[in-house]
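Let me begin by presenting the structure, written as structure tokens, before commenting on it.
Predicted model, so just to flag it, every value in this text is computed and none were measured. The first residue in the sequence is number 1, and the count goes up from there. Just follow the structure's listing: the first ligand is 1, and inside any ligand the first atom is 1.
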Amino acid sequence: MRFSPSIRRCLLPISILILSICPPVPAQQRQAQQMDEDFAKSVKEWTTRPEFISPLVDHLPKVAGVPSPKDALGYHIGTPKKLTRTAEIYKYYRELASKSPRVKVINIGQTDEGRECLVVVVANEETVKNIDTYRGYLAHLGDPRKMTEAQAQEVIARAKPIYHLIGGLHSGETGPPEMLMELTYRLAVEDSPIINTIRDNVIVTITPVAEPDGRDRYVDWYYRHKIDETGEQDSMGGPPYWGKYIFHDNNRDINYSQVTMRNLLEWYLQWRPPIMHDLHESVPFLYTFSGQSPQQPALDPILYGELPWFSNFEMSQMIKYGMPGVWTHGFVDMWSPGYLAFMSSNHNGMIRMYETFGNGGANTMKRKVAPPEGAGQTSREWYRPSPPYKEVEWSMRNNTNFMETGVLSALQLTSQFPKVVLENFYKKSRNSIEDGKMNAPYGFIIPTQANMTGVQFVVNTLRLQGIEVGRLTGEVKLKEGSFPADSFVIKRDQPYGRLAKILLEKQNFPDQNLRTYDDTGWTMGLTTNTPVVEIADKAILNAPVAPVDRLEIKGEMKGGQGAAAYAIGNHGSNNLITLRFRLKDLKVQANELSFKSGDAEVPAGSLIVAANQPDAYNKVKAAVESLGLTAIALTSMPATPMHEVDMPRLAIYSTWGNTQEVGWVRHAFDKFEVDYDLIYKERVLQSKGQGNLRDAYDVIVIPNQGRSAKGLVFDREPARKPLAYTKSDQFKSHGMYGESEDITGGMGLKGALEFQRFVEAGGLLVTLGHASFFPPEFGLARKIEAGRPSPQFYAPGPIVEAEILQPSHPIFYGYAQKMIPVRYANGPLLTVPERDREQQVLMRFPGSDKSVLSGLMRGVAETRNRPAIVDVPTGEGRVILFATNPCYRWQNHGEFAMLFNTILHHNDIKTIEKKPAQNAEVK
Ligand SMILES: [Zn+2]
């Protein structure tokens with residue numbers, strides 16, 4: 001880095017830290033600025049109780065030439081029955097930016113459906129004008145390796161913290177995108193001590209709508225079906241989709257698979273805001289996150305001091321203004337690193353989060369806040385000294401008042417201590433590097449291995465998060481062994497060394513008695529079935545490496561055009577299914593046993609393409625090279641038994657009520673170029689009971705959805721009127737990914753019967769996770785029992801060992817080991833009759849303490865010897881039940897291949913020879 005001479009000379013006086021605390025906007029100081037009387041009157045009217053507003057938000061300045069939200073939208077923020085679509089929101093910010101030098105709009109990419117992703121900057125004129133300079137200061141503080149301590153202090157003296165706000169990540173939480181428009185306007189124009197100090201000392205950046213596709217779909221749904229709701233009793237629920245694939249899981253996308261989430265991460269790594277604040281809606285009246293246990297111990301302890309510092313300040317300010325129901329500490333924890341805004345704490349910044357009470361729209365309604373029994377979140381606790389009311393009439397404007405007052409208080413605190421925030425950010429970045437030099441593990445090594453596309457996924461996912469990865473330029477010898485050149489090395493003495501540790505190490509959940517909000521285990525090497533070696537030898541820090549930007553594995557065609565056939569080796573790469581679909585015009589076979597060709601071992605389940613097909617050489621070459629696979633030329637067709645890998649006619653079945661886990665499977669199939677139809681009850685029940693699923697499909701996958709078989713079959717309860725999800729001029733975002741005149745009611749018993757007919761006529765039905773309750777309970781696999789664990793059992797997404805019992809079954813092609821790591825999915829505890837176990841149980845859970853590889857499973861013995869995958873011949877077809885979910889959130893890539901194999905070899909799955917039952921171990 002370079003410092004200009006002026007920076008070297010200029011150390012800001014320490015007095016900037018000792019600014020006096022400002023009183024809340026005294027009326028006489030506002031007199032100079034004209035206020036919007038209509039705003040004050042309207043807001044007072046829409047606020048359902050006098051204590052639900054604060055002196056920070058009960059007024060709005062009117063400034064000639066600068067448009068307020070009402071000037072642009074035609075209504076004030078918080079107007080009953082008004083929600084704003086993304087295009088109008090963006091139009092407002094752009095109008096504001098065109099009139100105010102204090103506001104700037106930045107495009108950061110596009111969504112799946114082609115909407116823009118924006119970030120808005122608001123600060124004083126000087127800051128906005130020199131925004132790239134300020135951005136540069138934060139880049140230095142975020143990676144202080146080339147700075148001395150003194151230089152860092154010089155940068156801190158010049159820099160300003162960025163405070164980033166996110167609204168609209170969850171589309172049903174409709175308030176934040178509205179509130180943020182008013183906040184931005186207020187920050188741009190208001191002349192008051194609090195706002196002036198914020199504007200001068202802080203750079204506020206805003207994601208106006210974090211999920212633009214979902215926002216528009218939800219707003220359309222609101223105007224179509226929810227505008228007449230009067231209360232909880234007549235709620236029409238939400239639309240079947242938010243974004244293209246997922247709902248709330250956009251806040252669980254640990255590998256940033258979704259393009260909209262990835263846009264924000266890329267922006268984050270360029271701007272490095274020390275604080276990122278995600279605005280949600282759920283609990284009453286305003287919950288401000290303070291990072292309760294279980295806490296991720298790898299993160300800097302400074303963070304755990306900062307979190308309650310902010311949340312307690314907000315709580316005390318709002319209580320001072322007379323606002324009830326503001327609390328902290330008791331909701332969501334600091335364990336999983338996978339929440340979207342955790343990108344900040346994962347990168348040495350600070351995650352902040354609110355839950356504000358909301359009505360799922362803009363209707364004012366009576367709400368029961370306490371549960372029927374007990375006080376729930378209305379009890380008085382040490383962290384909730386002024387609890388929410390047990391019943392309340394709630395409005396959109398209340399939501400705006402609470403959230404905006406909270407955010408302004410957080411910005412006020414930041415503006416009073418900007419240098420402390422910057423110093424902490426710098427110190428956490430510095431500590432991350434130092435921690436990697438002082439504490440084991442000092443690094444991780446990913447050896448080159450047979451399945452290099454798995455390595456590619458791990459390396460590129462780490463790179464996406466800004467983690468530095470190197471490739472050994474020569475062999476290194478460490479206590480853990482010697483590693484050849486080309487092995488991948490992640491050293492811990494880097495700014496994001498803590499994050500590398502969090503993602504790659506085993507998760508040791510701290511206390512069996514604690515509960516957590518999401519997954520307890522995510523160890524990347526285990527979820528992807530990619531060996532990663534943890535290194536406790538400090539010498540790793542000096543290993544010679546060449547930096548890896550993005551890893552592209554180039555596949556190889558070994559041998560020329562004169563061959564008899566090409567064998568694409570199956571070493572577990574998920575790309576084999578992509579290859580099959582890319583070669584759909586060619587006949588492709590699979591060898592059922594491994595064989596040798598020269599020195600090369602061709603594992604069972606490799607893909608064999610006879611060379612005498614039109615343009616076979618060029619097609620195979622193009623596919624393997626781009627997919628990172630290796631093909632070898634065979635001088636003759638192999639003599640081992642083979643079967644044809646027929647193109648499957650494939651469907652995914654989705655309920656209308658639970659599309660998210662289906663969405664993750666769709667996303668994986670789309671990414672791996674697997675062709676499928678997405679079908680709903682409408683297709684299953686087509687033509688008055690003549691669904692004829694078997695005429696159209698060879699394989700139907702029912703992803704994990706609903707909580708039970710009943711939920712899968714009967715789905716959403718009918719509402720007081722049909723809930724249409726059809727495209728129209730008025731509701732353009734509807735009818736995407738499927739259309740229905742009424743999404744309620746489910747497929748019912750008639751639908752279950754159609755699935756039975758499908759299987760009996762020779763179809764293959766594949767059920768994942770919870771969907772595996774369906775075949776046993778609705779007669780498609782009636783000899784199987786599907787049970788549930790005891791109430792004491794608790795398994796929030798641990799990674800456990802599973803044992804392959806039938807290694808030659810096509811489902812396990814490419815898996816070299818007998819024991820593999822799988823994510824435990826809380827699917828059914830299956831029981832297979834003893835006489836069928838040896839034939840039908842393909843994989844089981846050993847269920848011992850040592851088989852929990854990462855994360856928490858309380859009551860592991862309940863899973864002991866329970867089937868993990870069952871293959872049940874039924875009629876002419878079969879049902880394959882996964883108690884696991886082999887396609888979970890773009891995370892367990894090490895399990896995807898079992899699902900892909902099932903699809904590829906759908907009509908070549910044979911039941912093993914029946915022998916007298918002897919394996920009584922399996923339940
Ligand atoms: Zn939310």
Test your reading of the model: is there a side-chain donor-acceptor pair from [X] to the backbone of [Y], 3.5 Å cut-off?
X    : Y    : answer
R215 : T174 : yes
R262 : S257 : yes
R380 : P387 : no

*Could you pull out the N/O/S protein atoms under 2.8 Å of the Zn ion (ligand 1), ignoring any water?*
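Hits for the Zn ion (ligand 1) below 2.8 Å: H170 ND1, E173 OE1, E173 OE2, H280 ND1.
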
_I'd like to know if the side chain of T288 pairs up with that of E314 as donor and acceptor (distance under 3.5 Å, no hydrogens or angles considered)._
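The answer is yes; a qualifying pair exists.
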
*Does the cation-pi check pass for R515 over Y794, that is, NZ or CZ under 6.0 Å from the six-membered ring centre and within 45° of its axis?*
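Satisfied, under 6.0 Å and within 45°.
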
*Report yes if the side chains of E173 and H248 come closer than 4.5 Å at any heavy-atom pair, otherwise no.*
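They are in side-chain contact.
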
